[in-house]
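Just so you know, ligand 1 is whichever comes first in the structure, and atom 1 is the first atom listed for that ligand. In this chain, numbering begins with 1 at the start of the sequence shown.
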Amino acid sequence: MSAPFDVARLRADFPILAERPYGKPLVYLDNGASAQKPRVVIDRMVHAYEHEYSNVHRGLHYLANAATEAFEGAREKVRFFLNAASSDEIVFTRSATEAINLAAASLGQSIGEGDEIVLSIMEHHSNIVPWHFLRERKGAVIKWVGVDDDGNFRFDEYERALSKRTKIVAVTHMSNVLGTVPPVKEIIRAAHAHGALALIDGSQGAVHLDVDVRDLDADFYAFTGHKVYGPTGIGALYGKKRLLEAMPPFNGGGEMIETVTMDSVTYNAPPHRFEAGTPPIVQAIGLGAALDYMLEVGRDNIRAHENALRDHAHERLGAMNSIRILGKAPEKGAIVSFEMKGAHAHDVATVIDRSGVAVRAGTHCAMPLLARFGATSTCRASFAMYNTLEEVDALAEALARAEALFS
Ligand SMILES: Cc1ncc(COP(=O)(O)O)c(C=O)c1O
């Protein structure tokens with residue numbers, strides 16, 4: 001059982017929230033890009049460097065064993081977080097980007113000319129470009145599934161996009177621009193019915209939603225540590241064991257081999273087959289601490305609080321004539337993207353920054369999606385467990401001042 005949700009108490013866990021940009025309280029609403037870190041994560045990493053640090057797996061000494069135990073312990077924490085069946089199904093990567101590149105490059109070796117890959121238009125470039133590589137290099141065909149004007153996933157288009165030639169479906173668990181949560185379980189089921197594999201980009205989903213890879217029946221699930229309150233430089237790819245076992249390696253180097261001779265090489269079993277070289281040891285340990293922290297706060301608590309922030313943001317921003325919110329799907333997480341009439345998103349973000357309000361502005365690495373909405377850039381407020389309703393008000397008030405400036 002997690003403790004009752006107390007945002008004031010929680011904020012005290014995040015040292016950086018005491019910063020005062022331009023002498024103003026920090027209102028950090030750029031969590032979709034990267035979340036801040038609680039003291040327990042920072043302390044856990046310092047502890048690892050001070051008391052448990054060595055390279056992993058290869059040593060027979062005390063510190064090598066301590067580091068290996070902590071590193072492999074973190075893998076088990078990721079397994080638990082995703083509800084995977086085995087920690088052998090958890091491959092540590094540098095990021096979600098690397099996780100998806102790994103899957104695409106490895107699966108791509110058996111992709112041929114005319115094989116089809118189905119993507120949604122709301123994918124982050126991380127879940128587009130690796131598939132473009134297969135289009136460019138292997139002659140694969142990318143089929144796109146659109147969204148309606150509210151940002152809902154067009155399941156009808158998806159069903160039409162699937163065919164005998166579909167090999168892979170790669171879809172986000174939650175859009176980093178619209179906040180839309182597509183029906184991934186149904187998406188996966190339909191992919192499987194066509195004999196295709198399904199990869200879910202959980203970079204935002206793992207932050208805001210429950211994840212149960214077995215219930216989803218996902219073949220692959222990628223996520224990234226720095227958005228779930230962990231450090232940068234660490235992510236993970238979940239893959240079903242039988243699939244990973246059949247897949248060729250991604251990078252070559254130490255640890256991923258079984259034997260190397262002058263004219264042959266055999267490969268280690270997963271997950272190590274996909275973890276060439278020295279892994280991000282302390283980052284993985286920090287990620288483990290971040291996931292423990294999220295579970296302690298309680299994912300239901302976090303989601304309920306964040307959804308209240310999203311609703312309040314919709315209400316406040318929706319009441320402003322100059323603001324257009326992109327993404328009003330009923331299934332939507334705590335991300336609110338918007339445009340201000342007559343003002344460039346960069347200018348809006350720069351002006352409200354002076355009030356201490358941090359939002360992201362730009363294309364959010366989702367150019368096809370922005371083109372769909374006829375936008376070249378938007379501002380994005382993305383919420384975390386430590387944000388408050390008062391901060392949403394501070395955003396609205398800063399935007400009202402910007403509006404007055406630009407009108
Ligand atoms: C939906 C989505 N996918 C992938 C990524 C890439 O994450 P990373 O840069 O940590 O690899 C992001 C980051 O913004 C994202 O929001």
Side-chain angles (χ1 to χ4, degrees), residues 28-37 41 78 82 91-105 119-133 145 147 151 153 169-182 184 187 198-209 211 218 220-238 250-251 274 279-280 283-284 286-287 290-291 306 326-327 329 331-337 358-370 372 377-384:
Y28 187 77
L29 302 178
D30 193 17
N31 300 287
S34 204
Q36 301 298 349
K37 319 304 169 200
V41 168
V78 174
L82 301 179
V91 180
F92 279 128
T93 61
R94 199 160 46 79
S95 59
T97 300
E98 191 180 64
I100 299 169
N101 273 277
L102 186 170
L119 306 178
S120 94
I121 199 160
M122 63 187 142
E123 299 313 310
H124 187 282
H125 296 164
S126 298
N127 197 25
I128 297 176
V129 181
W131 308 112
H132 265 314
F133 289 165
V145 180
V147 293
F153 180 84
V169 171
V171 173
T172 188
H173 200 180
M174 175 175 152
S175 161
N176 66 310
V177 179
L178 304 173
T180 302
V181 179
V184 284
I187 290 170
L199 177 144
I200 304 302
D201 174 4
S203 301
Q204 299 295 338
V207 187
H208 302 284
L209 310 169
V211 186
F220 301 95
Y221 191 96
F223 79 107
T224 198
H226 64 99
K227 296 186 203 281
V228 286
Y229 309 96
T232 52
I234 185 74
L237 177 70
Y238 159 81
F250 173 48
N251 290 326
F274 302 102
Q283 290 88 336
L287 172 61
L291 299 181
E306 289 176 344
L326 275 77
E331 295 300 323
K332 168 171 173 149
I335 285 180
V336 179
S337 290
V359 297
R360 188 135 297 243
T363 63
H364 315 294
C365 299
M367 285 182 180
L369 181 70
L370 261 67
R372 154 70 179 83
S377 67
T378 74
C379 289
R380 179 186 70 183
S382 49
F383 300 103

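- Counting only distance, with no hydrogens or angles, the side chain of Asn31 and the backbone of Ser382 share a donor-acceptor pair below 3.5 Å.
- A distance of 12.0 Å separates CD1 of Ile335 from CZ of Arg360, quoted to the nearest 0.5 Å.
- Inspection of the Thr378 and His364 side chains reveals an N or O donor paired with an N or O acceptor under 3.5 Å.
- Each of Thr363, Thr180, Leu326, Ile121 was evaluated against Leu369; a single residue qualifies, Ile121, per the side-chain contact (heavy atoms from CB on, under 4.5 Å) test.
- In this structure, the separation between OH on Tyr229 and OG on Ser34 is 11.0 Å, given to the nearest 0.5 Å.
- Protein residues lining ligand 1, listed by chain and number: Ser95, Ala96, Thr97, His124, Ser126, Asn176, Asp201, Ser203, Gln204, Thr224, His226, Lys227 [non-hydrogen atoms, distance under 4.0 Å].
- Asn176 meets the side chain to side chain donor-acceptor pair (under 3.5 Å) test with no other residue; sequence neighbours excluded.
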